[in-house]
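Single-structure report; data block below.
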Amino acid sequence: MSNWQEMEKKYLFTNTVRWPILPVNGKGSYLWDENGKKYLDLVGGWAVCCLGHSHPVITKALTLQSKTLGMCGPQSCNMPQLQLAELLVKISCLNRVFFSNSGAEANEGAVKLARRYGALKLNGAYEVITAYNSFHGRTLAMTAATGQAHYQEAYKPLDVGFKNVTFNDIEAIKKATTKDTCAVMLEPVQGEGGVNIPGEGYLKAVRQWCDEKGILLILDEVQTGIGRTGTMFGYQQFGIEPDIMTLAKCMGGGIPIGAFLAKEHCAVFQPGDHGSTYGGNPLMCATSMAVLEYVIEHDIPGKSQKAGAYFMEGLNKLKSKYSFITEVRGRGLLIAVEFNKDMSGAIKLACIENGMTINDVKSNAVRIMPPLTISNKEIDEALAILDKVFGEVKV
Ligand SMILES: *Cc1c(COP(=O)(O)O)cnc(C)c1O
């Protein structure tokens, strides 16, 4: 056995609460630790591994592209980048694409574009309205955008230009809108905030308000995009279209890539306005392309929708069995189970004991965000482990 825990203590910052296990291997919906113990993985690389672990499509694309052109820099186009942009435009309601390396960077770019729009078309408006319980990433600006005090406290003063308001409350957005507002930025379903699904009509009302005021609607689809919530993009379930949308996570299926997309009317960047050294590199773009082609060809969003419904049905049965479960909610394979006590940490550790990973998204809720390729048999296995853990947990 390795001394990984000593190495962790000695060499890494203590910024992350990490699992007490060291994954060394992954295949499909499963992980293995260094002792060979197998875990059904309901976390999926943090809602990233849409095709599961070690998918051959990803291995093949990475290998092939790395043998020709892996990196060329932002001073030139490359064919994988152009093809990936063409595909994203074809399957979405947006017209232009900028590639980044992560979700936070995609959001940074989206907000920069909105500020550019504000400068050029809204008399210098620069403020972006975001929601409480949102999550937009860990950069300094996105820490201000993210409406959760515990991400913000240690980093004050926060970047100016963001106003956090109550999610799912159109009046709160209306009240916060001033002549300085250039955009509203929301997740269609809040992920890190606890899988919060907006009420009927909320996003439509936000869209209408943005149109009325001439401001932009940015949807952060870093977690909801590419099939996670049962459609290719989350916005498709709410009868609206964003002006700007950001992606990452499932877009790469496990490799670092993100993007923001915009409609033509707000694609106002001028030469030199934004850039990234690694963004749009051929190695990641070719791999993301292979992932997306697989996702489309095998109707992974449809599979996610069906698997999510099957999972929720089983979780609701557990809810009627265990009175401490107060709610099961989700869309596709983005699901939360909420409890009447702060017991999610204990549930997470008990699941690991029993060979399964799960995310304690809030102190009183666990989140399920497995590979979108998870089978009904694997879901049955997950439900059986949860049944055992719920039956044994001391509350
Ligand atoms: C994960 C996430 C981010 C941040 O993505 P990183 O790749 O970690 O920078 C931003 N927005 C949402 C909605 C996310 O779920």
Is there a path of hydrophobic side-chain contacts, each under 4.5 Å between heavy atoms of I, L, V, M, F, W or Y residues, that connects [X] with [Y]?
{"X": "Leu158", "Y": "Val165", "result": "no"}
{"X": "Leu203", "Y": "Ile218", "result": "yes"}
{"X": "Val393", "Y": "Val361", "result": "no"}

(message) Looking at Glu392 and Lys388, is any side-chain nitrogen of the basic one under 4.0 Å from a carboxylate oxygen of the acidic one?
(response)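 So Lys388 pairs with Glu392 through a salt bridge.
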(message) So that I can tick it off, tell me whether Glu241 and Arg207 are bridged by a salt bridge, with the cut-off set at under 4.0 angstrom between side-chain N and carboxylate O.
(response)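 No.
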Looking at [atom1] of [X] and [atom2] of [Y], how far apart are the two atoms once the value is rounded to the nearest 0.5 Å?
{"X": "Tyr39", "Y": "Met356", "atom1": "OH", "atom2": "CE", "answer": "12.5 Å"}
{"X": "Thr224", "Y": "Leu334", "atom1": "OG1", "atom2": "CG", "answer": "8.0 Å"}
{"X": "Thr68", "Y": "Met79", "atom1": "OG1", "atom2": "CE", "answer": "13.0 Å"}
{"X": "Cys351", "Y": "Phe390", "atom1": "SG", "atom2": "CZ", "answer": "7.0 Å"}
{"X": "Phe135", "Y": "Gln148", "atom1": "CZ", "atom2": "CD", "answer": "8.0 Å"}
{"X": "Lys163", "Y": "Glu127", "atom1": "NZ", "atom2": "CD", "answer": "4.5 Å"}

Between [X] and [Y], is there a donor-acceptor pair closer than 3.5 Å when you use the side chain of the first and the backbone of the second?
{"X": "Ser288", "Y": "Met284", "result": "no"}
{"X": "Asn107", "Y": "His136", "result": "yes"}
{"X": "Thr326", "Y": "Glu338", "result": "yes"}
{"X": "Lys37", "Y": "Glu353", "result": "yes"}
{"X": "Asp387", "Y": "Leu383", "result": "no"}
{"X": "Tyr117", "Y": "Ala183", "result": "no"}
{"X": "Gln75", "Y": "Cys72", "result": "yes"}
{"X": "Asn78", "Y": "Gly280", "result": "yes"}
{"X": "Ser100", "Y": "Gly279", "result": "no"}
{"X": "Glu187", "Y": "Glu221", "result": "no"}

(message) Just to verify, which of Glu378, Glu381, His53, Lys377 counts as forming a side chain to side chain donor-acceptor pair (under 3.5 Å) with Ser29?
(response)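 Checked Glu378, Glu381, His53, Lys377 against Ser29; only one passes side chain to side chain donor-acceptor pair (under 3.5 Å): Glu378.
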Taking C-beta and beyond as the side chain, do [X] and [Y] meet within less than 4.5 Å on heavy atoms?
{"X": "Phe99", "Y": "Leu84", "value": "yes"}
{"X": "Arg116", "Y": "His274", "value": "no"}
{"X": "Thr143", "Y": "Thr146", "value": "no"}
{"X": "Leu88", "Y": "Met251", "value": "yes"}
{"X": "Ile358", "Y": "Leu386", "value": "yes"}
{"X": "Ile257", "Y": "Thr287", "value": "no"}
{"X": "Asp273", "Y": "Lys112", "value": "no"}
{"X": "Asn340", "Y": "Asn364", "value": "no"}

Has [X] got more than 12 heavy atoms of other residues, nucleotides or ligands less than 6.0 Å from its [atom1]?
{"X": "Asn15", "atom1": "CG", "value": "yes"}
{"X": "Tyr155", "atom1": "OH", "value": "no"}
{"X": "Met71", "atom1": "CE", "value": "yes"}
{"X": "Glu86", "atom1": "CD", "value": "no"}
{"X": "Gln208", "atom1": "CD", "value": "no"}
{"X": "Leu140", "atom1": "CG", "value": "no"}
{"X": "Lys27", "atom1": "NZ", "value": "yes"}
{"X": "Arg329", "atom1": "CZ", "value": "yes"}

No-hydrogen, no-angle side-chain donor-acceptor test under 3.5 Å, [X] and [Y]:
{"X": "Ser344", "Y": "Asp360", "result": "no"}
{"X": "Trp209", "Y": "Glu171", "result": "no"}
{"X": "Glu264", "Y": "Asn95", "result": "no"}
{"X": "Thr357", "Y": "Trp19", "result": "no"}

(request) Would you check if the distance from the ring center of Tyr322 to the ring center of Phe339 is below 6.0 Å? (result)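 No, the ring centres sit 6.0 Å or more apart.
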(message) For Cys182, run the side chain to side chain contact (heavy atoms under 4.5 Å, CB included) check against Val128, Leu216, Ile215 and tell me which one passes.
(response)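 Result: among Val128, Leu216, Ile215, Val128 is the only option passing the side chain to side chain contact (heavy atoms under 4.5 Å, CB included) with Cys182.
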(request) Sort and list the pairs that fulfil side-chain hydrogen bond (donor to acceptor under 3.5 Å, both in side chains) and have at least one residue in residues 289-310, not counting sequence neighbours. (result)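 Listed once each, the pairs are Tyr310-Asp380.
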